[in-house]
Protein chains: 2
Amino acid sequence: MSKKNNSVEVICPLDYAFRRIGGKYKGRILWYLKSNEVMRYGELKRAVTDITTKMLTQTLRELEEDALISRKVYHELPPKVEYSLTDEGAEMLPFIDYLRHWGAKQMEKREMVDLKC
Amino acid sequence: MSKKNNSVEVICPLDYAFRRIGGKYKGRILWYLKSNEVMRYGELKRAVTDITTKMLTQTLRELEEDALISRKVYHELPPKVEYSLTDEGAEMLPFIDYLRHWGAKQMEKREMVDLKC
DNA sequence: CAGTATCCCCCTAGATACTG
DNA sequence: CAGTATCTAGGGGGATACTG
């Protein structure tokens, strides 16, 4: 994130936006959070098929840094952490949703198996 | 493209869509094509700052394969090739635009220099 | 439960040279 | 003008083991 945001020069707003939500799992995470309002770490881990803990943590931190999601820690044992969309994150939903439909249409055209999200 | 589309298994429509328009330059190319209706290869090369011919060609081919742009070749000397949005490509514009605005807002918040697109 | 910490591979993208 | 063809580097992402 620091690299994406600082070291690598940003060309324009569109370029910036794509880098911020362009990770391999970001779209799906935002999407799952939409449907569930609030999700725990383990829940997300199960929802985002095949993601590793490393990538999940890393992606969640980037989304948090960009103020697209918020992270609430309950200091108890066992630990409990809840993730949810911020208002800004919710602003991305129309876009995400449109992409989903576009993707589904494309997959149908190409006769690919649609596993849904 | 063959790899992205075939070898690597697609998880869901959202995942698929992100791979298709998630390249480093795709958003900007679609955006420039919107403003100009039709653009020649060299024009695009100048518009998309710092892109190499290899990446430009590769990206244009992928967009064409996904039916987001069309490519018209004039068989004359010197060669002339024009690129334009398809109807399907044009369908992406509202969302590209949405992303641009979101990106601009974010950049302002972070006091980054906005070079426009 | 919710993460860290390493090690490592591969793929995207960049640099450079060449061509019908 | 509109591309190909190679070669290469960097970093995003994967696998695995460990922890407060």
Side-chain angles (χ1 to χ4, degrees), chain A residues 1-11 15 18-29 32-33 38-66 69-84, chain B residues 1-11 15 18-29 33 38-65 69-84:
Chain A
M1 151 71 222
S2 47
K3 276 180 205 163
K4 283 200 233 170
N5 208 3
N6 303 324
S7 327
V8 180
E9 72 287 12
V10 171
I11 306 296
D15 184 53
F18 264 109
R19 290 195 207 171
R20 302 263 52 85
I21 64 153
K24 184 170 181 183
Y25 303 102
K26 286 184 181 175
R28 289 167 69 202
I29 289 178
Y32 292 133
L33 285 176
V38 68
M39 288 178 88
R40 297 182 60 176
Y41 185 89
E43 254 182 298
L44 277 166
K45 176 82 168 63
R46 265 169 271 124
V48 185
T49 321
D50 294 332
I51 196 173
T52 60
T53 57
K54 179 199 161 196
M55 283 312 296
L56 181 55
T57 302
Q58 184 178 308
T59 306
L60 289 170
R61 292 290 133 81
E62 288 182 19
L63 289 171
E64 194 192 355
E65 227 180 306
D66 288 325
I69 65 172
S70 67
R71 178 171 180 265
K72 183 171 185 183
V73 184
Y74 295 85
H75 295 283
E76 48 186 56
L77 279 175
K80 178 177 169 184
V81 179
E82 285 179 346
Y83 294 91
S84 57
Chain B
M1 153 72 220
S2 49
K3 275 180 204 163
K4 284 198 231 170
N5 209 2
N6 303 324
S7 329
V8 180
E9 73 286 12
V10 171
I11 305 297
D15 185 52
F18 264 108
R19 290 193 207 171
R20 301 263 51 89
I21 65 152
K24 185 171 180 182
Y25 303 101
K26 288 185 181 174
R28 288 168 70 202
I29 289 177
L33 285 177
V38 68
M39 288 178 87
R40 297 181 60 175
Y41 185 89
E43 255 182 298
L44 277 165
K45 176 82 168 63
R46 266 169 271 124
V48 185
T49 320
D50 293 333
I51 197 173
T52 60
T53 57
K54 179 199 159 197
M55 284 311 296
L56 180 56
T57 301
Q58 185 178 308
T59 307
L60 289 170
R61 292 291 134 80
E62 287 182 19
L63 289 171
E64 194 192 354
E65 225 179 310
I69 66 173
S70 67
R71 178 173 180 265
K72 183 172 187 184
V73 184
Y74 294 85
H75 294 284
E76 47 186 54
L77 280 176
K80 177 176 167 183
V81 180
E82 286 179 346
Y83 294 92
S84 58

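In what follows, every chain begins at residue 1, and chains take the letters A, B, ... in the order their sequences are listed.
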Rounded distance [0.5 Å steps], CE in A:Met39 versus CD1 in A:Ile69: 11.5 Å

Nearest heavy atoms of B:Ile11 and A:Arg28, plus distance in Å: CG2-NH2, 3.3 Å

Touch class at under 4.0 angstrom, heavy-atom based, for A:Tyr83 against every strand present: sugar-phosphate

d(CZ, A:Arg28; C1', D:dG13) in whole Å: 14 Å

Nucleotide of D:dG14, C:dA2, C:dA15 approaching B:Thr52 most closely (side-chain heavy atoms): C:dA15

Atom-pair distance (CD1 on B:Ile51; P on C:dA13), nearest Å: 9 Å

Under 3.5 Å donor-acceptor pair, B:Thr53 side-chain atoms to D:dT4 base atoms: yes

Criterion side-chain contact (heavy atoms from CB on, under 4.5 Å) on B:Leu44 and B:Leu60, from CA distance to verdict: CA-CA 10 Å; B:Leu44 277 165; B:Leu60 289 170; 3.9 Å; yes

Spacing between A:Met55 atom CE and C:dT4 atom C1', to the nearest angstrom: 15 Å

Separation of A:Leu63 CG from A:Gln58 CD (nearest 0.5 Å): 11.0 Å

Closest-nucleotide ordering on DNA chain D, the 5'-leading residue of A:Pro79 and B:Thr57: B:Thr57

Length of the NZ-P vector between A:Lys26 and D:dG12, whole Å: 10 Å

Phosphate contact (D:dC1 OP1 or OP2) by B:Arg40 side-chain N/O below 4.0 Å: no

Counterpart base for D:dG12, defined by Watson-Crick or G-U wobble contacts under 3.5 Å: C:dC9

For atom CZ of A:Arg19 and atom P of C:dT12, their distance in whole Å: 17 Å

Phosphate OP1/OP2 of D:dT4: any B:Arg61 side-chain N/O under 4.0 Å: yes

Spacing between B:Lys72 atom NZ and D:dC1 atom C1', to the nearest angstrom: 18 Å

Side-chain N,O (B:Tyr25) to OP1/OP2 (C:dG14) below 4.0 Å: yes

Counter-base of C:dG20, judged by Watson-Crick or G-U geometry with both distances under 3.5 Å: D:dC1

D:dT16 OP1/OP2 closer than 4.0 Å to side-chain N/O of A:Lys54: no

B:Tyr41 versus B:Thr57, side-chain donor and acceptor atoms under 3.5 Å: yes

B:Ile11 CD1 - D:dG14 C1' separation (whole Å): 14 Å

N or O in side chain of B:Arg71 less than 4.0 angstrom from D:dG3 OP1/OP2: yes

d(CG, B:Leu60; P, D:dT4) in whole Å: 10 Å

